[in-house]
Amino acid sequence: MVYKVAISAIFVGLLTLAMLWNFQGSNTESAREVRVGLYQNSPKIYRNKQGKPDGLFIKLLEDIANEEAWKLIYVDCEWSYCLDNLSNKTIDLMPDVAITDERNRKFDFHTIAVTHSWSEVWAREGLNILGLPDLRGVRIAVLRESVQENALQKVMMGYGVGFKSVPVSTYDEGFQAVIDGKADAVITNVHFADIHAAQFGLRKTPIMLNPASLYYVTAAGENHDLLEAIDKHIEAWRTDPDSVYYEALKSTMVPVQEPVIPKFWKWVLTIGLAMIVLMFCANGILRWQVRKRTTLLVETNVRFNHLLKASPVVLYQLKQDGAGYRPFWVSKNVKRLFGYSPEQLYSHDWWIGVLHEEDRQKTLDQFKEIFNTGHMIHEYRVHDAEGNTRYIRDERQLIPKSNHGETEIVGTWSDMTDVYEREDELKFLSHYDPLTHLPNRQKLEERIAESIERSDELKESFAILSIDIDRFKKINETLSYQVGDAVIARVAERLKHILNVDDVLARVGGDDFVLVINGKIDINKVSSIARKALKRFAVPLRIDEHELMVTASIGIAMFPEDGRDPDTLLKNAEIARYSAKDKGRNSFEFFNDQLSKGMHENLLLESALRMAVERNELVLHYQPLVSFDDFTMVGVEALVRWQHPTKGLIPPFKFIPLAEETGLIGEIGLWVLREACRQMVEWDKAGLKVGCASVNISVQQIEAGLLPKQVNEALQQTGLAAERLSLELTESTIMQDPHQASLAMTQFQKMGVKLAVDDFGTGYSSMAYLKRLPLDRLKIDRSFIKDIGTDTNDEVICRAIVQLANSLGLETVAEGVEEESQAEFLKGLGCDVAQGYLYSKPVPASELAEKWTSLNKKKSI
C-alpha cells in the first residue's frame with residue numbers, strides 16, 4: 001500500500017512540473033521580441049563593466065518590458081549606426097533620442113519626455129575659452145549624427161565665426177581625442193560630463209547650449225504600441241515619488257549624493273555665517289572706496305592683457321645696461337608669434353644673435369640713429385625660434401629719463417612676413433603658371449623676344465611648337481578637374497625631359513603648352529623633336545585608379561619664315577595646330593600660308609554660324625521614308641541646311657563638323673528637334689499625314705545629359721505624339737559614352753519615342769549594345785547600298801543586317817537607294833523601308849506635298 005502511494009505521489013509531482021514547464025514555455029513563446037539599439041552614453045544608456053545593459057533608459061525599459069511581457073533583445077551599435085539600423089528596421093526601438101525636424105520626419109516619438117539635457121563644451125588645459133567667439137578655428141570633437149554639431153554651428157553663425165569639426169563615434173572617443181591632441185575641445189551632454197569628465201582632466205568652459213528633451217523612438221509608422229505603453233508607464237510613474245522612475249533617476253543620473261547636515265550644525269553654521277557677514281559688512285564699508293578706485297585699473301589691465309594675447313604686435317622696453325641696452329620687459333605674445341619665451345630675450349646679446357646675417361650690420365648702424373632723432377622706423381629680417389626667416393617692422397621711441405634716471409627705449413615688433421611673401425607670390429604668379437611652375441604667356445613672350453634678338457644677331461632660326469592635349473575637356477567632365485590637373489602636371493614633366501638648356505617650355509592655357517626650340521635647327525630636327533614629344537604622350541598615364549591614353553596635336557611655326565614677332569609666331573603655330581587636329585589628331589603640322597587662309601575662312605564661317613540660329617538662317621529639308629510593301633510614305637528624315645545670306649545654301653557636311661568643334665551643335669540640334677516637331681503638327685493641320693519624323697542626335701547632346709528633358713519639352717510645347725518622333729544615333733555616338741547613352745535611351749523609351757541606329761555597319765556593330773538598348777530600327781549605311789549588283793560582299797552584308805534586325809524584332813531602313821535594281825534586291829531580302837534619291841531628294845517642307853502626290857502616282861503605276 002505504501003509503495004502504491006509513493007508511486008502516485010511521484011507521478012502527480014512529475015505531472016505538475018510538466019504543466020508548469022509548459023505554462024512557462026507558452027509564456028516565453030508568446031512574449032513579444034523587441035530589438036533595442038544599445039550604445040555607450042553613460043549614465044543614460046551603456047554596457048557596464050560586467051557587460052550588461054545599464055543606465056536610466058535601460059532600467060525603465062526593462063521594468064516596462066516585465067509589465068508588458070516583452071522580450072528585449074539588445075543590438076550593440078555606435079550612435080549613428082543605431083539610427084541607420086532604426087531607419088532600416090533592423091531594430092525596433094532606440095532610447096535616448098532628442099527631437100529634430102529631420103528625425104521627426106524619419107522616426108516616431110512618444111509623448112512624455114524621459115529626461116532633459118543640454119550640451120557643454122570641455123577644453124584642454126591651456127586653451128582659454130570664455131565665450132563662443134573664442135571657438136573660432138578650434139578643433140571640436142563632435143558625435144556623428146548628433147544634434148550638437150548643427151546646434152553649435154547655428155549659434156556660432158550669429159557671431160560670424162566657424163570651428164573645425166572632428167567626428168567621433170562616442171563621447172569617450174571625443175574626450176580621448178582632446179587628450180591625444182587630435183582635437184582642442186569636445187562637445188558633450190551634461191549627464192555624461194557630470195559622471196565621466198573628471199577622469200579625463202579637461203576643463204569645463206562657460207559655453208552651454210542646445211537644451212533638449214530625450215525620448216524613446218521607433219521607425220516612422222512602426223511599433224506605435226511600444227510608444228503608447230512607454231507613455232502609459234512614465235505618466236503613472238511621474239505622479240509617484242517612490243516609483244521606479246525616480247529610483248532610476250537617483251541611481252543613474254545622481255550617483256554622488258550630497259552629505260546631509262544635521263539640524264544642530266545647520267543652526268551653528270547659520271549663526272556663524274551671520275557673524276561673518278556682519279564683519280564683512282563692516283570691513284566692506286571701509287574698503288568700498290579702495291575697491292571703487294582699483295576696479296577701473298583691474299578692468300584696464302584685463303583688457304590690456306587680452307589685447308596683448310590677441311595682438312599681432314610684440315611690445316618691448318629696453319633699458320640701459322652698461323654701454324648697451326637690453327630688454328627688461330617683453331609682451332608674452334612673442335612666444336606665440338616668434339617662438340621665443342620672454343625670458344630668452346632678456347639676454348644682452350639675444351637681439352644681435354637673431355638678426356639675419358645680411359641685415360645685421362646695417363640694422364645695428366640704424367639703431368644708433370634713435371639717439372639723434374628720438375623716433376625711428378625700419379624693417380629688417382630675423383630668425384625665429386625654428387630658424388625660419390621673418391620680416392620685421394621695428395618702431396622705437398626714446399625716453400630720455402625714467403623715474404630712476406635711466407634712459408629707456410620703448411618699441412614694437414610687427415611681423416611683415418606675410419606681406420613680403422605675398423609680394424613674392426604675386427611676382428611669381430604674374431610670370432609663371434601656379435600648377436606646373438612653367439612660364440605663362442606673358443613670360444613666354446619675353447623669352448620669345450629674347451630668342452628673336454639672339455637669332456637676328458647670330459643669323460639663326462628657332463621654332464615655336466604649339467601643343468594641345470586631344471579631347472582634354474572630356475577628361476575634366478568625366479573624371480573630374482582634379483584628375484585633369486594631375487594630367488596637366490604629368491604632361492609638363494614629360495615635356496621637360498625633351499628640353500635642351502636653351503629651350504623654353506611654357507603653359508599658356510588650360511591644356512595648351514608652347515615649346516620654344518633654340519639653337520641651330522632645321523625642319524628635320526624640329527620634326528624629330530615633335531615626334532619625340534608625341535612619343536612622350538603615347539606612354540599611358542596612371543592617375544590614381546585611372547590609366548589614361550593621352551594624345552596631342554602639335555603646330556609648328558619657324559622664325560623668321562612664319563613671323564618676326566612673338567604674337568605672329570604664336571598665332572601661326574596655333575593655326576598649324578588646328579590643322580593637325582582637323583587631320584585626325586595625334587600628329588604635327590608645319591605652318592604655311594594656305595593654312596592661314598583656310599583658318600581665316602573657318603573663323604569667318606564660325607562667326608556667322610554663331611548667329612545663324614538667332615537670325616533664322618537655318619532651314620530643314622525633309623527626305624521621305626518609303627515602305628517597300630506599298631510605296632507609301634511612312635515618315636521623313638529632317639535634315640538641316642544653312643541658308644547663308646551671301647554664300648547661299650550650305651550643306652551640312654561643311655558646317656556640322658565646325659558646329660561640333662565649337663560647341664554649337666547642341667543649340668543647332670535643339671532647334672532642329674523643335675522645328676521638326678512643329679512642322680509635323682502643321683502638316684497634320686493641313687491634312688498631310690506624314691507618319692513619323694526622324695531627327696539626328698549628336699554625341700555632345702547625349703553627353704550634356706539634358707536631351708531627355710528637351711525632347712519632352714518639345715513634344716509638350718508642340719503637341720506632337722511621342723510615338724511619331726524617331727531619334728537617330730550613330731554607333732559611334734552610342735559607344736563614345738555608352739552609360740549616358742543608355743540612360744537617355746531608356747528615358748526616351750519610357751516617353752514612347754522611337755529609337756534608330758543610323759549608318760549601321762560602319763561603326764562598332766556590337767551585338768552587346770543591340771541586345772541591351774531599347775532600339776526600334778536599324779538604318780543600313782548607304783556605303784553598302786551603292787554597289788548592290790556589282791559587289792557581292794555588300795550584298796552579303798545587307799542580307800546579314802536585315803536577318804539580324806528581323807531576329808531582334810527591329811525594323812530596317814536602307815539609306816541611299818538610287819536605282820530600281822537596288823530597291824528590288826532589298827525588298828527581296830525583307831527590308832522594310834527605303835530612303836534615297838530614287839524616291840525623293842531632301843526638299844523643303846512646302847514641297848513635300850508635291851512629293852507625296854508623286855509617290856502615290858508611283859504606287860498606282
Side-chain angles (χ1 to χ4, degrees), residues 41-44 46 48 54-57 59-60 96 112-132 134 155 171 175 185-214 234-303 305-306:
N41 189 8
S42 171
K44 295 178 289 182
Y46 64 102
N48 59 27
D54 204 346
L56 171 66
F57 281 84
K59 290 181 180 293
L60 298 180
D96 187 22
I112 304 173
V114 176
T115 186
H116 305 279
S117 179
W118 61 87
S119 299
E120 299 178 342
V121 176
W122 289 70
R124 59 176 170 78
E125 287 294 337
L127 184 62
N128 191 19
I129 296 177
L130 300 177
L132 287 168
D134 294 330
V155 174
Y171 290 124
F175 276 82
V186 59
I187 184 168
T188 178
N189 69 61
V190 62
H191 302 302
F192 182 90
D194 287 346
I195 301 297
H196 299 287
Q199 73 188 63
F200 292 99
L202 302 188
R203 187 173 59 81
K204 182 179 178 181
T205 72
I207 298 174
M208 295 184 293
L209 69 156
N210 191 37
S213 300
L214 304 177
I234 292 177
E235 184 177 14
W237 287 338
R238 292 181 71 166
T239 60
D240 181 5
D242 298 324
S243 67
V244 172
Y245 176 77
Y246 291 102
E247 287 298 323
L249 283 175
K250 292 176 184 177
S251 63
T252 59
M253 308 298 279
V254 191
V256 180
Q257 300 295 328
E258 295 293 333
V260 178
I261 302 175
K263 292 184 178 180
F264 171 77
W265 288 109
K266 285 184 179 180
W267 280 105
V268 172
L269 289 173
T270 302
I271 295 171
L273 182 61
M275 294 177 66
I276 292 172
V277 169
L278 290 174
M279 292 175 61
F280 269 104
C281 288
N283 288 328
I285 294 172
L286 298 175
R287 300 174 61 183
W288 177 72
Q289 288 294 332
V290 177
R291 287 200 306 270
K292 183 178 179 181
R293 293 176 181 179
T294 57
T295 297
L296 182 60
L297 179 61
V298 171
E299 291 177 353
T300 302
N301 287 336
V302 169
R303 292 192 190 99
N305 288 331
H306 280 299

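Residue numbers start at 1 and run along the sequence shown.
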task: Show your working on side-chain contact (heavy atoms from CB on, under 4.5 Å) between Asn189 and Glu120 and close with a plain yes or no.
output: CA-CA 6 Å; Asn189 69 61; Glu120 299 178 342; over 6 Å; no
For residues [X] and [Y], report the shortest heavy-atom separation together with the two atoms involved.
{"X": "Ala113", "Y": "Arg238", "answer": "O-NH1, 3.1 Å"}
{"X": "Asp242", "Y": "Glu247", "answer": "O-CG, 4.4 Å"}
{"X": "Ala123", "Y": "Leu202", "answer": "O-CB, 3.5 Å"}
{"X": "Pro241", "Y": "Tyr246", "answer": "O-CB, 3.5 Å"}

message: To the nearest 0.5 Å, what is the distance between CD1 on Ile187 and CD1 on Ile207?
response: 8.5 Å
Nearest-0.5 Å distance that lies between atom CD1 in Ile129 and atom OG1 in Thr205: 6.0 Å
- request: May I have the step-by-step check of side-chain contact (heavy atoms from CB on, under 4.5 Å) for Leu214 and Phe57, ending in yes or no?
  value: CA-CA 10 Å; Leu214 304 177; Phe57 281 84; 3.8 Å; yes
message: I'd like to know if the side chain of Asn41 and the backbone of Lys44 have a donor-acceptor N/O pair within less than 3.5 Å.
response: no
- prompt: Is a side-chain N or O of Thr188 found less than 3.5 angstrom from the main chain of Tyr171, in a donor-acceptor match?
  reply: no
query: How far apart are the C-alpha atoms of Phe175 and Phe192, what are their side-chain angles, what is the distance that settles it, and do they pass the side-chain contact (heavy atoms from CB on, under 4.5 Å) test?
result: CA-CA 11 Å; Phe175 276 82; Phe192 182 90; 3.6 Å; yes
field: Side chains of Ile234 and Val114 in contact at under 4.5 Å (non-hydrogen atoms)
entry: yes
Close side-chain approach of Val121 to Lys204, heavy-atom, < 4.5 Å: no
task: Indicate the ring-plane relationship of Tyr245 and Trp237, choosing parallel, tilted or perpendicular according to the 30° and 60° boundaries.
output: parallel
